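For reference, positions follow the sequence shown, starting with 1. As the structure is a prediction and not an experimental result, all values here were calculated from the model.
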Amino acid sequence: MKKSLISLFAMVAMSGSALAADLQPALVYGTGGKFDKSFNEAAANGAEKFSKETGIKFRDFEPTSDTQGEQAIRNFASRGYNPVVAVSFAWTSAMEKVAGEFPDTKFVIVDSVVDKPNVRSVTFKEEEGSYLVGLLAGMASKSGKVSFVGGMDIPLIRKFECGYEQGARAANAKIEVFQNMVGTTGAAWNDPVRAGELTKNQIDQGSDVIYAAAGASGIGALQTAADNKKFSIGVDSNQNHLHPGSVLTSMVKRVDLAVYNAFMDTKNGKFTGGTQSLGVKEEGVMAAIDDNNKALITADMKAAVEKAKADIIAGKIKVHDYMSDNACPKG
């Protein structure tokens, strides 16, 4: 009897260890650094929130190249980490390969779609959030000229610009919108000097509101706007606090929620694969208003944003998705 009890306790202990081993969350960032104050940092914040609430630690990795990203995803999976979350469209092909190699591991990719039963793909309706901040830009602009600084020149970033332009034109049909991209490689996410130069050029052309969707590069755009006493608009994370009084608003993209839900759903046995698309209706994208920028947002501007949100949800406003046809309609 005593031997049987010992064996039973050993089995329970082993079972508990196995369950604990099943939940070893891992996070692979996009190139641009964990502390980019934007996309990657939002992902880190979601992981930290989960860890703080549950006491479960996570591992993360900051790749500096596409090769490192794939290596990190595979390394985490091979060492039993579960779920493995990768934030960036750049890891699409890597995720397709590795998820096929480890069918019992749960994977999540943010900003892309991978059609595997063990992969959750989380995308966002960036065009909707960008429409809202574009509306504010158009209402705040005194020159009738606003602009956009993107990071890597890819359809996803043009999706931000197109929604922004549509929102700005909704506020002022005659508004001029300038746009520039930092570059065409992954290095474009981490070049604040170049982003600052592009911003200064746009300001010299008359732009008085600059929306930066450029990862860590965007910090240079926001700084240059502040130095020249112009408005900027942050992205992904709420960046209003970086230059209070200069950052008009931020297009918050809830990457933190995507990561937090991936970890928590796995913990609670509620993980599902498939695609999730988060927009205004799902509170996946929004224009941030807080103590740092509330003095810049008039009652009319706030009312316009609330009406636009309601109209987007109701289908009265249809914000064009650049990625649907690789085009941005003018007017």
Side-chain angles (χ1 to χ4, degrees), residues 31-33 36-39 126-127 129-237 239-240 242-251 287 293 296 322 326-331:
T31 55
D36 61 357
K37 302 188 185 302
S38 186
F39 182 80
E126 293 92 353
E127 72 278 9
S130 296
Y131 179 97
L132 298 180
V133 300
L135 186 65
L136 291 175
M139 295 180 76
S141 177
K142 291 181 170 59
S143 68
K145 298 177 181 181
V146 300
S147 57
F148 175 87
V149 174
M152 187 175 175
D153 190 356
I154 52 172
L156 175 63
I157 298 303
R158 293 200 172 271
K159 185 179 181 183
F160 283 81
E161 191 282 329
C162 188
Y164 174 66
E165 190 168 331
Q166 190 175 338
R169 295 191 192 286
N172 176 0
K174 295 181 179 180
I175 203 162
E176 288 187 62
V177 184
F178 311 136
Q179 60 169 297
N180 295 101
M181 301 289 176
V182 172
T184 57
T185 69
W189 304 119
N190 200 16
D191 192 349
V193 173
R194 178 59 179 157
E197 292 170 350
L198 294 172
T199 300
K200 183 59 168 64
N201 181 259
Q202 292 173 348
I203 290 170
D204 289 344
Q205 294 179 69
S207 175
D208 57 0
V209 187
I210 301 92
Y211 177 26
S217 296
I219 302 304
L222 270 57
Q223 181 67 60
T224 301
D227 290 345
N228 287 270
K229 297 181 170 50
K230 304 299 180 185
F231 286 134
S232 62
I233 295 175
V235 78
D236 294 337
S237 294
Q239 298 181 319
N240 294 354
L242 295 180
H243 300 282
S246 176
V247 181
L248 180 68
T249 185
S250 294
M251 200 291 276
N293 73 329
L296 308 176
Y322 179 92
N326 284 338
C328 186
K330 306 298 180 184

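Side-chain atoms of S143 come within 3.5 Å of backbone N or O of G206 as a donor-acceptor pair. At distances below 3.5 Å, not a single donor-acceptor pair connects side-chain atoms of S217 with backbone N or O atoms of A195. Between the side chain of T224 and the backbone N or O of G220 there is at least one donor-acceptor pair closer than 3.5 Å. With hydrogens and angles disregarded, no donor-acceptor distance shorter than 3.5 Å links the side chain of N326 to the backbone of P155. Checked by atom type and distance alone, the side chain of E165 never pairs as donor or acceptor with a backbone atom of E161 at under 3.5 Å. Side-chain atoms of S38 come within 3.5 Å of backbone N or O of V235 as a donor-acceptor pair. Counting only distance, with no hydrogens or angles, the side chain of D208 and the backbone of K230 share no donor-acceptor pair below 3.5 Å.
Counting all heavy atoms, side chain and backbone alike, D236 lies closest to F39 at OD2-CB, 3.1 Å. Shown here for A287 and V133, the closest heavy-atom pair between the two residues is CB-CG1, 3.9 Å. Contact between V209 and S207 at its shortest, heavy atoms only, is O-OG, 3.2 Å. For the pair G150 and A214, the tightest heavy-atom approach, listed with the atom from each and the gap, is C-CB, 3.8 Å. Shortest non-hydrogen contact noted between A327 and P329 is O-CD, 3.9 Å. Smallest separation of non-hydrogen atoms from S250 and N240: OG-OD1, 2.9 Å.
Between Q202 and K145, every side-chain heavy-atom pair lies at or beyond the 4.5 Å cut-off. Using a 4.5 Å heavy-atom cutoff, the side chains of V247 and N293 are not in contact. Between I210 and I203 there is a side-chain heavy-atom pair separated by less than 4.5 Å. In this structure the side chain of Q239 reaches within 4.5 angstrom of the side chain of I219, judged on heavy atoms.
Note that the CZ atom of R194 and the OG1 atom of T199 stand 10.0 Å from one another [nearest 0.5 Å]. The CD atom of E127 sits 16.0 Å away from atom CZ of R158, with the distance rounded to the nearest 0.5 Å. Note: Q205 CD to K200 NZ = 11.0 Å, rounded to the nearest 0.5 Å. Remark: L136 CG to I233 CD1 distance equals 7.0 Å, nearest 0.5 Å. Interatomic distance, I157 CD1 to Y322 OH, rounded to the nearest 0.5 Å: 12.0 Å. Separating the OG atom in S246 from the NZ atom in K229 is a distance of 9.5 Å, to the nearest 0.5 Å.
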Query raised in the report: Going through the checks in order, is the side-chain hydrogen bond (donor to acceptor under 3.5 Å, both in side chains) test met by D153 and T184?
Result: CA-CA 5 Å; D153 190 356; T184 57; over 6 Å; no

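Residue pairs satisfying the ring-ring contact (aromatic ring centres under 6.0 Å, His included) criterion with at least one member in residues 203-237, sequence neighbours excluded, are listed as follows: F148-Y211, Y164-Y211.
If you check the side chains of D227 and Q223, you find a donor sitting under 3.5 Å from an acceptor.
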